[in-house]
Amino acid sequence: MNGFIGVVLFLILAPVAGGLIAGLDRKLTARMQGRVGPPLLQPFYDVGKLFEKERVVVATAQNFYILAYLAFIVLSGALFFAGGDLLLTVFAFTLAHVFLVLGAYAAHSPYSHIGAERELIQVMTYEPIVILAVVGFYMVTGSFYVADIATTTVPAILYLPGVFLGFAAILTIKLRKSPFDISTSHHAHQEIVKGVTTEFSGSTLGQIEIAHWYENVFLLGLVYLFFAWNPVIGIIAVVVTYVAEVFIDNVTARVRWQAALKSGWLAALLAVANLLILSYMMIGGA
Amino acid sequence: MAFLKRSPWILHYDASSCNGCDIEVLACLTPLYDVERFGIINTGNPKHADVLLITGGVNEQNRPVVKNLYEQMPEPKVVIAVGACAATGGIFRECYNIVGGIDKVIPVDVYVPGCAARPEQIIDGVVKALSILEERRERMTGEAQVQEEARHDAAEAGESR
Amino acid sequence: MTTVKEEQTTTSVALGDLIREVEGIHADGYRLVQIGCTNIGEAYEINYSFDKGYRFRNLRLTVEPEIEVPSITGIYWGAFVYENELHDLFGIPVTGINIDFKGTFFKTAEKFPLSITRKGGDRCQNV
Amino acid sequence: MPKRIVVPFGPQHPVLPEPIHLDLVLEDEKVVDVIPSIGYIHRGLEQLVQKREYPEYVYVAERICGICSFMHALCYCQGIEHIMEIEVPDRARYLRTIWSELSRLHSHLLWLGLFADSMGFENLFMRAWQLRESVLDISEDTSGGRIIQSTCKVGGVRRDIEQGKLEEIHRVMDTFEEKCRGLGNVFLNDETVKYRLQGLGVISKDEAYTLGSAGPTLRGSGVAIDHRETGYAAYGDLGFKPVVETAGDCYARCAVRVRELYSSIDLIRRAIEEMPEGGIDVKVKGAPNGEYFSRVEQPRGEVVHYLLGDGTKHLVRARIRTPTLANVPALVKMLPGAQLADVPVVVLSIDPCISCTER
């Protein structure tokens, strides 16, 4: 029953929260750049506008793929907030991005194709860490279920500091921020125009935006899990992490994809080392 | 709901201007003028843009590019000609390679005067363009409704027969 | 009182001697500043300008219309921008350019707008 | 062999403020060949000399390019003055120097911003342009125009800057320099910026020299050529040493421009301190008869105005060779081997000014 309420709340509240977070993000970014920035509700205006625009379809298949992308992002978030299996959640999340890549490939534009290739590289970069994080949670709490992990009394962060740092590093990829905004960027201009989203316009682009809101809420949920033993600290940690990501966006240039991949895997190594030490301690303790 | 007025995304193109107006267009985005306050973003991607800010008197080589950009933008859209050259060809109107004004190539909605046009003037031009954009949107939804009703009527007529 | 520390010299050069002269200048360690052309009514004056330590040397080639001019890109690689310009704006046939745009470097409304004889023509010379 | 694809870059592209088109031949993301095509801004304004009288042509010269506007007017006026043997009053020479260096400051800050944008460093773009506004304020205060100033004319300058205002500019320069140094430090010391720039688009000293490059592109490769050394306007009195870096990569070109900011600020200060009294223009009679290759150091490098007059009010020919055109061959040599992500960075590292190039 609790799970059902979680799903309903997520479906309704996540886009609201995601949009507000995006608005705060833009405001904060503007302040860091010495500007006033847009109104808080700007992301909602943007998406509203996108749905008012004419539908221009470059290739018919792409709309289907984007709808599937949105659906699977929502599904993975829903599974998460229902307290479901974290492994399943992560794989649904990956599948969603495969649809995004397919959508970008369906359009005939070199920018969109290069963006799609880079998106795949990004998936390769962050996937190991996400899986390692799930393994870490299992090692600490003994369960793959979000419901168990969220109600644990064990401070996961103390056991998984390396995993958390690795996760924070790849979070800039997922939030599409510098230094790792190589496949598409939310703010800055790029050599591949808008990368994966170049060929999407109107309501299709609006769907991508909404998917991004759901995605951000889900990712911040994952951050929360590291601190779940104390909800107050958890929420503070989520806010601090997000502000730190915005800050990093504003003090770095974009790197090349090779460096993004390398950093991602270095972060993964850090997480592996963390887990190895953890398993050694547990075996030693047992 | 009129979201369009609150979120005009801009595409800027330099069609043979001297750069003066172009750097002023860019200056609008930066901290002193900061047009993001009004939800204005410089997208650089015609497929995402609502407003085409265009400078310069258009030369022969630019003519197809300008047309192409205009056609790639989804409706509703507006075109703002920034600067004297974009209005008439300006100081270069007698040059052998200048067509003379954006309106010789694509329809223009708002003309921003100046050589170079100042950022305040450009922002003013964008604000003016927004009401035109809103009108276009209303007409577009209106037309869609009319079409929908016509289809509905035709369907009903078909059933009753 | 302005004192500009710069000397300018201009020497005429015959078409047959152009390449040899430019080779000499290159050997002396001059860099290429520009190649420019002037339409002087019935002929073209082509100025090849070089500089070394603010000594400005200018070779002036005077050619009738339709006369082929050899490219100096074999000596100064970067000269292709100027030579394509000579062809596209003045309609001067330049032979042997390393990167030959064949009339597409400057696409003008009117072909060869500054040419004496082929103004408005549309046939590319560098085929 | 990897599959080759051709990616069109421009003419409309978010990182390019002006249209230039490059066909990039890529293997995966590596550039193997590049074919530039230009002409999107070719207006044919050199021809206007036959329709405008020579003093009026200054307005056209100013609009060759909106960024180096003042320098073009200066170069043209100095050329006419040389042909007509006009001696410009000392105060005018100093005022010209101040406006020239203000243009260089605003141009370099503009470039630094665009360069940061090309690396995906949006914050730095905003900061550079924010700083640039204080230069534009001075320029607006002294001439009425933010970008096109119209202060230079044949025989001198059109406006004077009164003593009080000069002192104010001198004062403003202190805080301005401090902020410039802060900004410059980020460009020269930030790790991600260094990572993007060092070793990228290398042009050796000899190559830069024989390719005929100009300005910071040339000086970034270790060649100390700066036309201000010849001492036109007031540079001869003020003394001047070119800024040189030796690495020849994008970082070196960036460093040259950053350090030129400081040297420009210094020149403005000294020009104000040594400002002579007197008139600001002389009366110009007659018409130019003769020819001259007038050269001035623009922010992007040396610009050449070849002016030919036949004793009438209309010149026979004005041929304008701008620094970007001279830097195109170097660009064609720099790009192959770079990653697609580096293309905007390399292209911007020569500070392309397409309006200048194509006239």
Side-chain angles (χ1 to χ4, degrees), chain A residues 19 22-23 25-59 62 104 107 109 111-112 115 184-206 208-209, chain B residues 1-13 25-52 68-78 119 123 126 130 133-145 147:
Chain A
D25 177 349
R26 282 176 66 175
K27 199 95 194 151
L28 195 61
T29 302
R31 285 294 155 87
M32 285 185 186
Q33 295 171 348
R35 298 185 289 124
V36 174
L40 185 62
L41 299 180
Q42 188 60 40
F44 297 106
Y45 302 149
D46 288 348
V47 169
K49 184 230 17 210
L50 287 171
F51 280 94
E52 285 174 357
K53 293 282 280 188
E54 173 195 25
R55 282 173 79 92
V56 180
V57 180
V58 187
Q62 64 178 30
S109 142
Y111 296 125
S112 167
T184 184
S185 173
H186 249 209
H187 302 303
H189 295 141
Q190 262 178 319
E191 69 279 2
I192 50 171
V193 191
K194 279 280 168 192
V196 273
T197 59
T198 307
E199 294 299 317
F200 301 116
S201 60
S203 53
T204 321
L205 187 64
I208 296 180
E209 280 297 310
Chain B
M1 287 274 259
F3 290 115
L4 196 52
K5 275 179 90 164
R6 290 169 181 268
S7 162
W9 289 359
I10 281 176
L11 176 71
H12 158 239
Y13 186 66
V25 168
L26 284 179
C28 291
L29 307 169
T30 54
L32 188 64
Y33 298 99
D34 186 28
V35 290
E36 209 193 343
R37 283 178 296 153
F38 313 117
I40 300 175
I41 296 181
N42 183 19
T43 64
N45 182 355
K47 295 193 179 75
H48 294 183
D50 311 299
V51 180
L52 178 59
N68 197 346
L69 286 176
Y70 180 72
E71 278 157 17
Q72 277 188 56
M73 287 169 59
E75 292 283 350
K77 58 189 168 191
V78 282
I123 296 172
V126 175
L130 290 184
L133 200 58
E134 184 52 30
E135 254 170 53
R136 290 238 163 106
R137 187 192 65 83
E138 272 164 17
R139 201 181 317 144
M140 209 176 92
T141 44
E143 272 165 20
Q145 238 162 27
Q147 273 174 12

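Residue numbers start from 1 in every chain, and the chains themselves are labelled A, B, ... in the order their sequence lines are given, proteins ahead of strands.
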Does a side-chain heavy-atom distance below 4.5 Å link A/Q33 with B/P31? no
Taking side chain as everything from C-beta outward and backbone as N, CA, C, O, which of these in A/F51 sits under 4.5 Å from a heavy atom of chain B? Side chain, backbone, both or neither. neither
Between A/E52 and B/F3, which heavy-atom pair has the shortest distance, and what is it? OE2-N, 3.1 Å
Write down the atom of A/P39, the atom of B/R37, and the distance for their closest heavy-atom approach. CD-O, 3.4 Å
Spacing of A/T29 atom OG1 and B/E36 atom CD [to the nearest 0.5 Å]: 8.5 Å
A/Q42 side chain near B/I41 side chain, heavy-atom distance below 4.5 Å: no
Of all heavy-atom pairs linking B/T30 and A/R35, the shortest is C-CD, 4.4 Å
With a sphere of 6.0 Å drawn around CZ of B/R6, does it hold more than 12 non-hydrogen atoms of other residues, nucleotides or ligands? no
If you compare all heavy atoms of A/G37 against all heavy atoms of B/D34, which two are closest, and at what distance to 0.1 Å? N-OD2, 2.9 Å
